[in-house]
Amino acid sequence: MMNSRKWHLNKDYSTLENWFKLHNWDSSIPKDILPELGIIVDDICAAGLYTDKSSKLGFMYGIFSNPNISKIKLFKAMKICFNEIYKIANDLNLNYIYTVTAEKSLHKLYNSFLKLNNCESNLKAYIINIKKTNQDLDWISEKGDINNGNRT
């Protein structure tokens, strides 16, 4: 049986960072931009939920995963993770959860099994570095590393 719990970034960030490295990302997502709210399912997958008290819309970022997990187990864990994010959003009285993905497997999960509404199939996403920090943005930059809808 899989166990899920709310994530604690100070404790769980090292797990997420390890997953990013195992996926051969050029750089990790910085801890300070991840939301305080999130779910982690065992050592399998996790997702964050951004919220704002002035809006009934939440933004789910992720689902991040351990690439060393079998696809069947990962798929089951992702469904648990999404359902837990849904519960948090419901408890916060949100009306909507918005999410985006370029990952083929997540697209399949969202469309086929969770029956989510695909609202922007030609989406292009951008990030603005307001402080002009020297932060490496490779973790979010496409830079040609998307292959058939999956990060390579």
Side-chain angles (χ1 to χ4, degrees), residues 2-53 55 57-71 73-89 92 94 96-111 114 116 118-152:
M2 294 181 214
N3 297 304
S4 65
R5 62 174 173 77
K6 289 184 180 177
W7 73 15
H8 305 282
L9 278 180
N10 288 333
K11 185 173 90 175
D12 294 320
Y13 184 73
S14 61
T15 298
L16 298 174
E17 195 171 36
N18 183 50
W19 294 347
F20 304 149
K21 288 177 186 170
L22 290 172
H23 278 287
N24 294 318
W25 289 12
D26 291 333
S27 60
S28 295
I29 297 171
K31 182 172 99 174
D32 65 348
I33 69 156
L34 291 171
E36 182 180 318
L37 294 173
I39 293 294
I40 191 162
V41 180
D42 291 333
D43 187 32
I44 303 171
C45 66
L49 181 65
Y50 294 89
T51 62
D52 181 311
K53 293 187 186 333
S55 173
L57 174 73
F59 178 73
M60 183 179 77
Y61 195 60
I63 296 176
F64 311 114
S65 65
N66 180 341
N68 296 326
I69 300 297
S70 74
K71 288 184 181 192
K73 189 173 184 178
L74 177 59
F75 184 77
K76 289 178 183 178
M78 286 177 167
K79 286 178 25 179
I80 292 168
C81 190
F82 178 80
N83 287 332
E84 292 300 314
I85 289 287
Y86 183 92
K87 287 178 190 174
I88 291 173
L92 294 171
L94 298 178
Y96 306 97
I97 299 172
Y98 184 81
T99 191
V100 295
T101 187
E103 301 288 340
K104 212 176 202 177
S105 59
L106 286 179
H107 180 69
K108 184 177 179 181
L109 173 71
Y110 296 162
N111 276 320
L114 298 176
L116 303 185
N118 185 7
C119 57
E120 299 186 51
S121 59
N122 293 315
L123 177 71
K124 295 289 184 184
Y126 299 88
I127 189 165
I128 300 167
N129 187 347
I130 294 172
K131 302 282 188 196
K132 305 293 184 209
T133 64
N134 290 327
Q135 176 66 47
D136 185 354
L137 297 177
D138 284 347
W139 60 272
I140 199 164
S141 178
E142 187 174 293
K143 292 188 179 177
D145 66 348
I146 302 294
N147 183 13
N148 295 324
N150 293 302
R151 285 197 174 267
T152 56

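Sequential numbering from 1 along the given sequence is applied to the chain's residues.
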For Asn3, what residues pass the side-chain hydrogen bond (donor to acceptor under 3.5 Å, both in side chains) criterion, not counting sequence neighbours? none
Applying side-chain contact (heavy atoms from CB on, under 4.5 Å) to Phe20 and not counting sequence neighbours gives Leu16, Trp25, Ser28, Ile29, Phe64
Residues in side-chain contact (heavy atoms from CB on, under 4.5 Å) contact with Thr99, at least two apart in sequence or another chain: Met60, Tyr110
Check whether any side-chain heavy atom of Asp43 sits under 4.5 Å from a side-chain heavy atom of Trp19, and report yes or no. yes
Quick one: are Tyr13 and Leu34 in side-chain contact, heavy atoms under 4.5 Å? yes
Considering only heavy atoms from C-beta outward, does the side chain of Cys81 approach that of Ile39 to under 4.5 Å? yes
Criterion side chain to side chain contact (heavy atoms under 4.5 Å, CB included) on Phe59 and Ile97, from CA distance to verdict: CA-CA 5 Å; Phe59 178 73; Ile97 299 172; over 6 Å; no
Just by modelled atom types, is the Glu36 backbone N or O under 3.5 Å from a matching donor or acceptor in the His8 side chain? no
dist Leu49:CG -> Trp7:CH2 (nearest 0.5 Å) comes out at 9.5 Å
Sequence-distant partners of Lys87, side-chain hydrogen bond (donor to acceptor under 3.5 Å, both in side chains), two or more places apart: Glu84
Which residues pass the side-chain contact (heavy atoms from CB on, under 4.5 Å) test with Leu92, sequence neighbours left out? Leu37, Thr51, Ile88, Leu94
Partners of Lys31 by side-chain hydrogen bond (donor to acceptor under 3.5 Å, both in side chains), sequence neighbours excluded? Asn10
For the residue pair Ala47 and Ile63, what are the closest heavy atoms and their distance? CB-CG1, 4.0 Å
Going by side-chain contact (heavy atoms from CB on, under 4.5 Å), name the residues that satisfy it together with Asn68, two or more places apart in sequence or in a different chain. Leu22, Asn66
Distance in Å, Asp12 CG paired with Lys6 NZ, rounded so as to fall on 0.5 Å steps: 13.5 Å
Taking only residues two or more places apart in sequence, or in another chain, which ones meet Tyr96 in a side-chain hydrogen bond (donor to acceptor under 3.5 Å, both in side chains)? none
Checking side chain to side chain contact (heavy atoms under 4.5 Å, CB included) for the pair Arg5/Ile40: CA distance, chi angles, key distance, verdict? CA-CA 6 Å; Arg5 62 174 173 77; Ile40 191 162; 3.5 Å; yes
Taking the side chain as C-beta and beyond, is there a heavy-atom pair between Lys73 and Ile44 under 4.5 Å? yes
From the list Met2, Lys79, Lys76, Met78, side-chain contact (heavy atoms from CB on, under 4.5 Å) partner of Cys45 resolves to Met78
Short side-chain to backbone donor-acceptor contact, Asn18 and Ser14, under 3.5 Å: no
